[in-house]
Structure formats: structure tokens, C-alpha cells
2 protein chains.
Amino acid sequence: MAGVSEATVSRVLNNVGPMKEETKRKVLEAADQLGYYPNAIAQSFARRRSGNLGVVLPYVPKVHIFSTYYFSEILNGIGEQVRELGYDMLLIFRKPGVDNSYMDLFRSQKVDGCILLGTTDSPGERKALKELEAAGYPFCLVNQHFEGEHFWEVDADHEQGAYEAVKHLLDEGYRRIAFLNGPPEFSNSIDRLRGYVRAMTEAGIFQPGIDINASVPREWMEAGNYSRTSGYEAASRFFRNKDRIDAVFAANDRMAIGLMQGFRDLGMQPGRDIAIAGYDDSDGARITDPPLTSVSVPFYRMGMMAARLVLSSAAPGAKEQEHSTPAERLIRMDTKLVIRSSSSGKHA
Amino acid sequence: MAGVSEATVSRVLNNVGPMKEETKRKVLEAADQLGYYPNAIAQSFARRRSGNLGVVLPYVPKVHIFSTYYFSEILNGIGEQVRELGYDMLLIFRKPGVDNSYMDLFRSQKVDGCILLGTTDSPGERKALKELEAAGYPFCLVNQHFEGEHFWEVDADHEQGAYEAVKHLLDEGYRRIAFLNGPPEFSNSIDRLRGYVRAMTEAGIFQPGIDINASVPREWMEAGNYSRTSGYEAASRFFRNKDRIDAVFAANDRMAIGLMQGFRDLGMQPGRDIAIAGYDDSDGARITDPPLTSVSVPFYRMGMMAARLVLSSAAPGAKEQEHSTPAERLIRMDTKLVIRSSSSGKHA
DNA sequence: TAATTTTATGTACGCGCGTACATTATGGAA
DNA sequence: TTCCATAATGTACGCGCGTACATAAAATTA
């Protein structure tokens with residue numbers, strides 16, 4: 001080595017063990033002068049840690065996933081946290097066919113932990129996740145709950161969010177409130193259905209019943225796929241029962257916006273002839289006419305939280321944190337209703 | 001080794017050199033049985049290639065960068081290409097203060113090449129990029145041109161895009177067309193200004209002049225920062241000269257949407273009292289009322305292209321591709337005007 | 001001063017792969 | 001059968017770091 005020593009350099013750079021101030025200075029000076037840069041790969045190799053947090057995204061051909069508010073916000077949150085903790089963020093697009101390839105990610109040592117976005121509750125998925133858990137790899141799900149498991153999950157209280165949105169519509173004087181839900185493979189679709197039914201039941205509109213699905217009149221409920229188009233199409237189906245419906249609560253903003261466009265094209269003025277409420281409080285909710293009442297979800301903070309959880313349990317010092325109870329592993333954040341004019345018509 | 005051989009395994013797995021079919025089969029079988037997974041880090045180490053494409057994003061506190069249509073689309077395109085080529089995608093957020101840290105990225109061997117998004121033309125930035133170039137590291141800029149350099153750049157023809165948008169407004173009968181531009185550090189702000197002036201000059205509204213800025217009446221031009229809010233605020237400034245303006249061309253959709261909201265709040269109906277055209281053809285353009293005329297930019301394909309360029313010149317076989325002329329390094333994609341009703345009022 | 005502890009530094013090795021080179025099987029052609 | 005070219009496989013080493021252990025220097029104590 002240039003200055004004086006040998007692999008003391010390593011100690012200096014990693015700041016481990018005791019060392020003389022002078023040596024430290026000399027080493028740093030020499031390193032600077034020689035333009036030395038540690039090779040990150042070699043470091044990873046020797047440390048047997050990649051320094052990467054993997055983020056697995058669903059790969060849906062034709063759908064530009066980053067363009068959806070939901071993913072964007074979560075990614076932003078993860079990015080921020082990762083940055084603070086000095087990790088890098090490896091983006092992985094889930095391959096279309098195979099779904100059980102999460103293991104490879106860890107086995108190949110590319111990531112020290114990972115966050116899974118856009119998972120759905122299917123048998124294959126469950127199995128893949130259980131494998132991960134059994135292998136002790138640190139991972140975290142965002143905005144998706146697997147009932148019966150105790151994975152690390154960062155979710156939001158969508159039942160309460162939906163409840164409040166529907167309650168708001170009820171308070172505004174609407175009674176015949178329909179619901180445009182998303183696909184049932186997403187746990188939060190179920191959550192929102194629960195919230196909807198709870199609010200409607202409390203208001204005396206639905207009969208209390210064991211079976212949550214049976215309590216909803218068929219023509220008051222439609223299923224979309226979270227796309228604007230599916231909302232647009234649902235509008236015409238609701239339109240057939242338009243005399244029996246005075247409001248629609250949609251499971252996300254994109255569908256709500258589609259609904260508004262659809263109703264408008266059918267001659268109904270959203271906010272006047274029919275109230276609309278959405279979910280996510282995305283940017284779009286602010287630019288529709290009328291502006292869309294929506295439920296704000298802290299996606300950004302959820303992303304941060306997920307990254308923090310994964311990275312702390314992936315950290316070198318972290319032994320098996322099996323002391324965390326299943327309940328502690330499910331973080332559920334609060335949502336917040338944002339009232340705009342799309343829902344304030346009845347008695348105005 | 002389990003089956004028969006030794007580091008022949010490496011050959012089998014990498015498919016290099018000649019080998020007997022049988023051996024190959026045996027090795028693969030054994031690997032499968034033993035649950036062998038190559039260690040990606042060790043591979044990178046030995047190959048001295050990380051297998052990562054770096055994507056550098058501007059870090060703007062409080063602004064959630066993924067949420068902007070532009071970045072989302074580009075990232076999607078990069079992601080798709082990276083996936084096809086078997087690379088991984090490392091996201092790096094540019095640190096707020098320091099701007100010359102690109103070198104470290106390469107020196108630390110974390111990436112084999114990189115794509116820089118959201119760069120601006122500042123002296124520090126230019127210097128940093130020149131360093132990269134001098135060091136021979138493969139990188140590519142997207143949607144930003146550095147005049148006088150010959151970096152690899154994937155851009156769109158924003159001058160033509162702006163020209164066509166303004167030409168369209170002229171064709172629709174508007175004459176007093178104002179321009180809400182973005183910050184001048186972005187080359188495409190300059191490009192759009194050129195297109196605007198060219199169209200207006202051709203129409204005989206502006207005097208041909210050497211100095212492009214001097215030819216635009218002061219009250220017809222405002223500068224925003226690409227945010228919706230800045231568009232909203234610009235509306236009131238334009239409003240003061242409302243009798244002398246019958247259309248506004250905005251440098252992106254977010255500002256255009258802000259403009260529309262601003263004008264509406266001031267009692268002017270966009271599309272009727274004043275025509276608006278935007279730029280980017282983002283999702284938002286479809287959901288405003290009236291829908292927004294905008295210029296579609298192939299961000300997705302630009303991302304793909306950039307990834308392809310970087311990865312092909314970062315590939316092992318690629319020697320210094322100095323045979324590429326500066327002109328070849330600047331890819332300029334076509335834009336496309338999408339006409340909607342926000343701009344079709346004058347003679348309707 | 002010698003013995004002992006504490007602190008600082010050097011030595012040596014291995015992480016798991018790729019690969020240049022050496023070596024051995026294989027198959028023809030002479 | 002002999003010789004040589006080619007195909008197939010084995011051997012050995014190094015990539016650049018971290019780190020356990022050995023060693024040397026300094027500080028403390030007896």
C-alpha cells in the first residue's frame with residue numbers, strides 16, 4: 001500500500017477495530033491521492049451481502065405499471081427510505097408465466113430482502129410466499145393481506161376507508177348507493193366490500209346477514225379491474241338501473257373517473273344526477289369535473305415503512321425476529337376521506 | 001462435484017466451449033438435484049461486470065418523481081428492455097447537493113452502464129457528463145440535449161411537436177396564442193420555444209428576427225415549472241391580458257390542466273373562451289373537461305431505446321464504438337399531435 | 001525492569017465463480 | 001498401428017475485498 005500499511009485500509013474504510021488517528025488520516029490521504037474507489041461488487045462478495053433491496057413489480061404487458069398512481073407512490077416511498085439507509089434498489093419485473101421465482105432472487109444473492117408489490121391471493125402465490133418465509137428470507141408485502149398467514153405486511157385500513165366514504169354519501173342524503181369493486185384476488189377489494197356493507201347495514205338499508213355477498217342487491221354491485229375503461233363500461237350497466245341508484249362508490253379513482261365519463265356520455269351529470277366517490281385520492285381526483293371525492297391512502301408512507309421493515313430485518317445484526325407476533329407484522333395505516341364536490345349534490 | 005466433473009459445470013451453465021451432450025445433461029441433472037443456484041454476486045465478481053443498468057433519477061424532495069407521467073413512461077420502457085436483455089435495473093436517486101457523483105457509480109462497479117433522467121443543462125452537470133464520457137463509461141441521456149457535446153441522447157423532436165400544436169391552433173382560427181413554457185435549463189423548453197416562434201412567424205404574427213426571445217411579445221409568454229400549480233398561477237397573469245389572448249399553448253399537460261382550472265376559476269371556460277393545448281398526452285389529458293389537445297411523445301419507446309443503446313455499448317463484445325458519428329448519437333423521435341376539444345372553439 | 005494487559009497493525013486465507021492452460025479422450029487419415 | 005488434429009475435461013489461479021488470527025507496539029501495572 002502507498003502510505004504505510006496493508007489491509008489496515010479495510011479497517012480504516014470500514015471503521016472497525018481500533019486505530020491510530022494518524023494512520024487513518026494517512027490511509028485516507030493515500031486513497032484520495034491514488035483515486036482509490038472500493039469495488040462494490042467485491043465488497044458484496046466478501047461480505048456476502050448484496051446491499052440491494054429488491055422490489056418486485058407485476059409485469060402486465062401493455063399496462064404501464066409505473067403510470068398508476070398507486071405504484072408510483074409506493075415506489076417513491078421505498079426509494080426514499082432505501083436512499084436513507086444506503087441501500088440500492090433493484091427493480092424486478094415479475095415474469096408473466098412463472099410465479100414462484102421469488103426464491104431465485106434470494107438464492108442468487110442478488111438482494112438482501114425484498115418488497116413484493118401487486119401480489120394477488122392465488123394458490124400459487126401463497127405457496128411461493130410460504131416458501132420464502134420457510135427459508136427465512138426477509139420480505140414484505142404492501143397493500144395486500146393474506147388471511148391465515150403471518151407475513152410482514154404493510155396495508156391500509158381499507159374497510160374503514162370504504163366505510164367512511166359510504167357513510168359520507170349516506171350523510172349527504174344518498175340512500176341507493178351502488179358499489180363498483182375491483183377484482184376479488186386483491187384483499188383490499190374484500191376489505192372495501194366489508195366497509196361498504198357495514199355502512200349500508202348500519203344505515204338500515206341492507207339486512208344484517210352472515211353472508212356478506214348475499215346482503216348486496218345484485219344490481220347495486222359491479223366488478224371492474226381498476227382500469228378507467230372498466231369504469232366507463234360499468235357506467236352503462238348501472239345506467240340500466242339508473243332509477244334505483246343515486247350514487248356509486250368506486251374502489252379506485254381510475255374506475256371512478258371512467259364512471260363519470262360514462263355517465264356523462266349517457267346524459268347524466270356526475271355530482272348532480274348521480275354522486276360518485278372514488279378511492280386513492282390520486283392526482284386525477286383533483287382534475288375531474290366535478291372534483292372527485294376520494295379516500296386518501298398513505299401509499300408513500302407505506303412504501304417507506306415496508307422498506308424500513310425489510311431492511312431492518314435484513315440487517316447483519318438482526319437475528320431471527322421470531323419474537324414479533326403475527327399481529328405485529330401486519331401494519332395497517334389509516335386512510336382519510338377527502339370530500340370534494342362529486343358527492344355533495346342531494347340536498348344542495 | 002456430484003455427477004462426474006469439476007468446473008466443467010461452469011462451462012455447461014455458461015454454455016461455452018465444446019461439450020458432450022451427455023455431460024451437459026448429467027451436470028444439469030445434478031445441479032437440479034442439489035438445488036444448486038449460481039451466486040450472482042460471485043459471478044459478477046469473477047466476470048467483473050455487475051449485470052446492472054443504472055437509472056439515475058433526480059431527487060426532488062416533496063415531489064414524488066414517479067408520479068409524473070413522463071418519468072413513469074420512460075421507466076416502463078427501460079424496464080421492459082432491461083428485462084428482455086437479462087439485466088437488472090438499479091434505481092439511483094441523485095443526491096440533492098452533489099451533482100458530480102456519477103463517476104462513483106461506475107468506479108464502484110455497481111453498474112455496467114447508466115441512463116440519466118431529468119438532467120438539466122448546468123455547468124456542473126456538463127462537467128460531470130464530460131468526465132463520464134472521457135472515462136469511456138457508457139451512458140445515455142433521455143429527453144435532454146446538450147448542445148455542443150456529443151453524448152448519447154434519446155430525445156424527441158419537440159420543436160416540431162410544438163410547431164404542430166401551435167400550427168393547429170392557428171388553423172383553428174386562433175391568432176393571439178400565448179405560450180406557457182417550462183424552465184430553460186431543459187433543452188426541450190428551448191425546442192418548444194423554437195417551434196412556437198416558427199409557427200407564429202410563418203403565420204405572419206411574429207416578425208422574423210435573429211433573437212428568438214425578442215420576437216415574442218412579453219405578455220404572451222410566461223414560464224412555469226411544469227407543475228399544475230404553476231399553470232394555475234400563470235392563468236391569472238394571462239388573465240390580465242385576456243382581451244389580447246385567445247389561446248395558450250402549455251409546455252406540458254400538468255401546466256395545461258392548471259391553466260384550465262385557473263381560467264375556469266376566473267370565469268373563463270376553457271375550450272370556449274380560451275383554447276388550450278398541452279404537451280405529453282398524459283393520462284390527465286383524457287380526463288379533463290374539455291379533453292385536452294396535446295402532443296404525444298413516445299416516452300416508453302424512448303426508454304426502451306436508451307436502454308438498448310447503453311446495454312449494447314456496455315456489452316462485453318462492444319469495443320469503443322467511436323465510429324459512431326455525433327449525429328448518430330442523437331436519436332430524435334417523432335411526436336404526434338392529438339387533437340381534442342380544448343382547442344376547437346373559434347369557428348365551431 | 002519485567003510481566004501483563006490493551007491497542008494497533010500485519011499475515012494469510014477464503015468467499016464462488018470464470019477462464020487460461022494443461023491434460024486426456026476421441027476419431028480420422030496416413 | 002502411428003501420428004496428429006480436434007473435442008472434451010481437469011487443474012490452478014485470481015478477481016478485491018473482509019476478517020480471524022498472529023504479531024508487534026504501546027500503555028499499564030506489579
Side-chain angles (χ1 to χ4, degrees), chain A residues 1-52 86-88 103-112 314-318, chain B residues 1-52 86-88 103-112 314-318:
Chain A
M1 300 293 139
V4 275
S5 34
E6 211 266 58
T8 312
V9 178
S10 176
R11 276 186 274 261
V12 172
L13 296 179
N14 291 337
N15 215 2
V16 304
M19 50 194 155
K20 226 186 273 183
E21 268 310 309
E22 192 193 336
T23 320
K24 185 169 174 177
R25 194 181 43 72
K26 271 198 286 192
V27 170
L28 291 177
E29 228 163 59
D32 190 49
Q33 206 156 13
L34 294 171
Y36 170 81
Y37 270 82
N39 181 323
I41 295 183
Q43 287 183 329
S44 297
F45 183 52
R47 292 196 183 113
R48 267 159 304 179
R49 315 194 68 254
S50 69
N52 293 150
Y87 275 79
D88 286 307
M103 290 295 282
D104 303 9
L105 247 182
F106 285 97
R107 277 202 273 246
S108 68
Q109 313 265 30
K110 278 187 176 177
V111 301
D112 299 333
Chain B
M1 301 293 139
V4 276
S5 35
E6 212 267 57
T8 312
V9 178
S10 176
R11 276 185 274 260
V12 172
L13 295 180
N14 292 337
N15 215 1
V16 305
M19 50 194 155
K20 224 187 273 182
E21 268 311 309
E22 193 192 335
T23 320
K24 186 169 173 176
R25 194 181 44 70
K26 272 198 285 190
V27 171
L28 291 177
E29 230 163 58
D32 190 48
Q33 207 157 11
L34 294 171
Y36 170 81
Y37 271 82
N39 181 322
I41 295 182
Q43 287 182 329
S44 298
F45 183 53
R47 293 196 182 111
R48 268 158 303 183
R49 315 193 69 253
S50 69
N52 293 150
Y87 275 79
D88 285 308
M103 289 296 279
D104 302 8
L105 247 183
F106 285 98
R107 277 202 273 244
S108 68
Q109 314 264 33
K110 278 187 177 176
V111 301
D112 299 333

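Just so we're on the same page: letters track the sequence lines, and every chain starts at 1. Every heavy atom of this structure was used, including side-chain atoms; hydrogens, water molecules and symmetry mates were not.
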Test side-chain contact (heavy atoms from CB on, under 4.5 Å) on M19(A) and T8(A); report intermediate values, then the result.
CA-CA 9 Å; M19(A) 50 194 155; T8(A) 312; 5.6 Å; no
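L13(A) pairs with exactly one of V9(A), N15(A), V16(A) by the side chain to side chain contact (heavy atoms under 4.5 Å, CB included) rule, that one being V9(A).
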Do any side-chain atoms of residues 30-42 of chain B form donor-acceptor pairs under 3.5 angstrom with protein atoms, and if so which ones, sequence neighbours left out?
{"unit_1": "Y37(B)", "atom_1": "OH", "unit_2": "D104(A)", "atom_2": "OD1", "d": "3.1"}
{"unit_1": "Y37(B)", "atom_1": "OH", "unit_2": "R107(A)", "atom_2": "NH2", "d": "3.4"}
{"unit_1": "N39(B)", "atom_1": "OD1", "unit_2": "I41(B)", "atom_2": "N", "d": "2.8"}
{"unit_1": "N39(B)", "atom_1": "OD1", "unit_2": "A42(B)", "atom_2": "N", "d": "3.1"}

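Close to dA8(D), at under 4.0 Å from its OP1 or OP2, lies no side-chain N or O of T23(B).
For the atom pair K110(B) NZ and S44(A) OG, the distance stands at 7.5 Å (nearest 0.5 Å). Within the model, atoms CG of D88(A) and CG of L105(B) stand 8.0 Å from one another, a figure rounded to the nearest 0.5 Å.
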What string of B, S and - do you get for nucleotides 15-26 of chain C 5' to 3' if you count protein non-hydrogen atoms under 4.0 Å?
BBBBBB------
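R49(B) meets the side-chain contact (heavy atoms from CB on, under 4.5 Å) test with R47(B), Y87(B), D112(B), A314(B), P316(B); sequence neighbours excluded. Legend: residues meeting salt bridge (charged side-chain N to carboxylate O under 4.0 Å, His left out) with R25(A), ordered by chain and number and at least two apart, are E29(A).
Note on the helix from dT1(C)-dA30(D) to dA30(C)-dT1(D): angle between the axes of the first and last five pairs equals 50°, rounded to 10 degrees.
Per the geometry, CD belonging to E22(B) stands 15 Å off C1' belonging to dA7(D), to the nearest Å.
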